[in-house]
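Below is one structure, written out as structure tokens, with a few remarks after it.
So you know, we letter chains A, B, ... as the sequences are listed, proteins then strands, and number each from 1. Since this is a predicted model, take the numbers as computed values, not measurements.
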There are 4 protein chains.
Amino acid sequence: MSEKRKTIPSLVKDPKLIEKRREQIIEAAVHLFINKGFHKTTTREIARASGFSIGTLYEYIESKEDVLYLVCDAIHAEMETRLREAINFNGTGLKILKLAIRSFFRVMDQMSDRVLLIYQESKSLPKETLRYVLGREEEIAQIFVEILQKGIADGSLRLDEKHVKLMADNIMVLGEMWVFRRWALHKHYTLEEYTEKQITLLLREISVSD
Amino acid sequence: MSEKRKTIPSLVKDPKLIEKRREQIIEAAVHLFINKGFHKTTTREIARASGFSIGTLYEYIESKEDVLYLVCDAIHAEMETRLREAINFNGTGLKILKLAIRSFFRVMDQMSDRVLLIYQESKSLPKETLRYVLGREEEIAQIFVEILQKGIADGSLRLDEKHVKLMADNIMVLGEMWVFRRWALHKHYTLEEYTEKQITLLLREISVSD
Amino acid sequence: MSEKRKTIPSLVKDPKLIEKRREQIIEAAVHLFINKGFHKTTTREIARASGFSIGTLYEYIESKEDVLYLVCDAIHAEMETRLREAINFNGTGLKILKLAIRSFFRVMDQMSDRVLLIYQESKSLPKETLRYVLGREEEIAQIFVEILQKGIADGSLRLDEKHVKLMADNIMVLGEMWVFRRWALHKHYTLEEYTEKQITLLLREISVSD
Amino acid sequence: MSEKRKTIPSLVKDPKLIEKRREQIIEAAVHLFINKGFHKTTTREIARASGFSIGTLYEYIESKEDVLYLVCDAIHAEMETRLREAINFNGTGLKILKLAIRSFFRVMDQMSDRVLLIYQESKSLPKETLRYVLGREEEIAQIFVEILQKGIADGSLRLDEKHVKLMADNIMVLGEMWVFRRWALHKHYTLEEYTEKQITLLLREISVSD
DNA sequence: GATGAATGAGAGTTCATTCAT
DNA sequence: GATGAATGAACTCTCATTCAT
């Protein structure tokens, strides 16, 4: 179902070192891309901010686009990790769902710079790679799909199976909205207010009892 | 409230001619930006596609970013025009709201390339300009705010005044979602199905009767 | 029979100007390539020696290899022109042949730097282009083929038709030898001595009378 | 007369090992240079194809140019060895000469890739080194000089002493021509036909009887 | 003696912008 | 008002060479 993860060739042999250096690259590039955008960040800046020379940078990647891929993938990985860590899968689907939404919105809030980065820059990835990165997004949506299905199964949620995916997408989008429209929303709401309000809206329709 | 529209200086005196040429520029650039992205489109390409020389292009703009601004502004203008044309402000707030949502979703669908363009490229605008462009987005949200307020006033909608802006934003976001997630959504829904489903979700909470 | 001449695209429209600038490029590049070799000459050096900026250079070529092609082609053109100008096609084949050999050897001598350049650098051309350039060499050999055939026809040369091409190649190669082995040959011979000696050798076999 | 062979310093002490490793380097580099050319072959590729690391490569050479020198020298050595092995120095000068020419042309044919390599890449050698490599060429020409002189001495060849060197050069050049113009010559001749034809041409003038 | 990660000068190429015509 | 040739800073990427381990 999901595209296979891209493996970026490296001229360096030691896998431990590759991982370490790529973490440095990601750490450096995330901040640069957030502040200047992908196109306005130069490979030299990435190298310098990573703590090594331009030559060394290219020992660990093949092209600037590879850095963007590494960054996007790392962000998604962190999003998913944080989300999964925050969710406790005990209790009714409804209960889990509420927890998951709160967690997701919180993760969006904490990672808003990086979420924005993905949305604004991932289009610069090569087509093939872009598909994979978009696929990671779907994996996160899938978490909500599963929770919703659990809720349907245990009777705590009433929702046509047909609309499960849409509901999952709605949750995702309303979470991302907190990021995209923060300049407007932060004026009126705290994260908590926003979260509770959206939960009310989203669940009114589908929760059997709350 | 809203930022003042930016005036791009031109070396040319005749305002009629300026408008005509800028329309040519916008027409050409929209397609180029959609297909290649802002950064990968060259000013030479814009000039050629506009039907004149690079020198002439720079008689009507001061920088490449100006073209992006013209394009974003034109897209917003078209969005707003289409939306306003489609809405009939007669009837209860609830009725108008449904019509407006349907219209907005349809406009999003029809203009999806251009909507995407704004979301992906507007970040390349100079800060000041970006603020103005984001402001245009608010103007559209404002349409929904007004409709919601009318509905509250005439009793067809039950919604805390405090949440009006959020509801308007939700509508916008769910409309934009049809664009951003089209690769996922189009598999499961037609625009009409999607629209009705989301209307149900959005209004369940707030409509007094439907 | 011969490959079609390559047309290098230019960003500049005026054909007169293209020709003029390319002449400048060729003039500059020939000397640089002779002195430093193709690989050790930078595009910046070519631009500077041509009298304009690197940006301007790239208005008239698409790649550094294009410069090499221009240079090789110009050298061949000059070789052929000089040779054809020097040959008088009146008289018996034998007489014309002797004149042609002397002319060819003289041209080789005068252009020895450039002949060397072609032999040492043309391999860096893209395959397709290389084929064309090698073809030009054949066109020159063809001059000798025609003279030989004229001599056979008028009875002044006795040579199996089958060996005409080989004889033409031999003439070419012995002319080029004056270039490739000049470090050895110049110690022992003047150009004139060398020429007469080789003519004797080459014609002993085939001339009916001299 | 001939330049002294260049001695490449090595960080390694053991002469046996140096020789072994350099043979590996030559073997690897010859093929790489033939296929990609000297400039497009990287030292990393040479090391890998040699079977060891880049660091080890530089234990046995001081620069990439050293590899080119090793390669050119090895090719010349092989040429000379093969030629000397094939020649039987018994008989009249004329007889030996014919044998030598046939052998030389055959060696040229068998080693054509490598002969071409020397002609196209040796110019990239440092001036000093180049002189030595070109000198090796002379040593081979010297073989023919000696044979010619033997033929003059024993009366089987009639040739002005003054022209001996030229005749030797002619032989060399016509042999190399089989390599340089193979794309043209192979269409018309087998190696044997070519050889016999050229022998006829070359000897007509000088052989007392054949 | 062998390794391979690190280096950085320097390469070819692009393209937004200018300005003389 | 229109043109398009000229500019050169800035870009991504390469690769011969070094040296600590």
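Atom NZ in A:K16 sits roughly 17 Å away from atom P in E:dG4 (whole-Å rounding). The nearest whole Å value for the distance from the CG atom in B:L32 to the P atom in E:dA16 is 12 Å. Residue B:H39 contributes atom NE2, which lies 16 Å from atom P of F:dA10 at whole-angstrom precision. Note: CZ (C:F52) to C1' (F:dA6) measures 10 Å, nearest angstrom. Atom C1' of nucleotide E:dA6 and atom CD1 of A:I18 are separated by 14 Å, given to the nearest angstrom. The NZ-P distance, from A:K20 to E:dA5, rounds to 13 Å in whole Å. Note: NZ (A:K13) to P (E:dT3) measures 8 Å, nearest angstrom. Rounded to whole Å, atom C1' of E:dG8 lies 13 Å from atom CZ of A:R48.
When each of C:L17 and A:I61 is assigned the nucleotide of DNA chain F with its nearest heavy atom, C:L17 is the one assigned upstream, toward the 5' end. When each of C:K40 and B:K40 is assigned the nucleotide of DNA chain E with its nearest heavy atom, C:K40 is the one assigned upstream, toward the 5' end. Comparing C:G55 and A:L57 against DNA chain E, the residue whose closest nucleotide sits nearer the 5' end is A:L57.
Checking F:dA2, E:dA16, E:dA11 against the side-chain heavy atoms of B:K64 singles out E:dA16 as nearest. The nucleotide whose nearest atom lies closest to any side-chain atom of D:E59 is, among E:dG1, F:dA5, E:dT13, E:dG1. Listed candidates were E:dT13, E:dA6, E:dT17. Nearest to the side chain of A:R21 is E:dA6. Checking E:dA11, E:dA6, F:dG1 against every side-chain atom of C:T42, the shortest atom distance belongs to E:dA11. For D:I54, taking side-chain heavy atoms from C-beta onward, the closest of the listed nucleotides F:dT7, E:dG12, E:dA5 is E:dA5.
The shortest heavy-atom contact between B:E128 and B:R131 is OE1-NH2, 3.0 Å. Contact record, B:I18 with B:V12: CD1-O, 3.2 Å, taken as the closest heavy-atom pair.
With C:N35 contributing its side chain and C:H31 its backbone, the two residues share a donor-acceptor pair below 3.5 Å.
Using the six-membered ring where Trp is involved, A:F33 and A:F38 have ring planes that are perpendicular, over 60° apart on the 30 and 60° scheme.
Contact annotation: B:T56 side-chain N/O to F:dT3 OP1/OP2 distance is under 4.0 Å. In this structure, D:S53 does not reach the E:dA2 phosphate: none of its side-chain N or O atoms is under 4.0 Å from OP1 or OP2. Remark: C:Y60 is in phosphate contact with F:dA6, judged by side-chain N or O atoms under 4.0 Å from OP1 or OP2. Using a 4.0 Å cut-off, no side-chain N or O of A:Y58 falls inside it from OP1 or OP2 of F:dT14. Not one side-chain nitrogen or oxygen of D:T43 sits closer than 4.0 Å to the OP1 or OP2 atom of F:dC15.
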Got a list of side-chain donor-acceptor pairs under 3.5 Å for residues 50-63 of chain D, not counting sequence neighbours?
residue: D:S50; atom: OG; partner: D:I46; partner atom: O; Å: 2.6
residue: D:S53; atom: OG; partner: D:G55; partner atom: N; Å: 3.4
residue: D:S53; atom: OG; partner: D:T56; partner atom: N; Å: 3.2
residue: D:S53; atom: OG; partner: D:T56; partner atom: OG1; Å: 3.1
residue: D:S63; atom: OG; partner: D:E65; partner atom: N; Å: 3.3
residue: D:S63; atom: OG; partner: D:D66; partner atom: N; Å: 3.4

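Judged by distance alone with a 3.5 Å cut-off, a donor-acceptor contact links the side chain of C:R44 to the base of E:dT13.
For E:dT18, the paired base is F:dA5 (Watson-Crick or G-U wobble, both distances below 3.5 Å).
Residue contacts shown for A:T41 are limited to sugar-phosphate atoms, with no base heavy atom under 4.0 Å away.
Using a 4.5 Å cut-off on side-chain heavy atoms (C-beta onward), C:K36 and C:E45 make contact.
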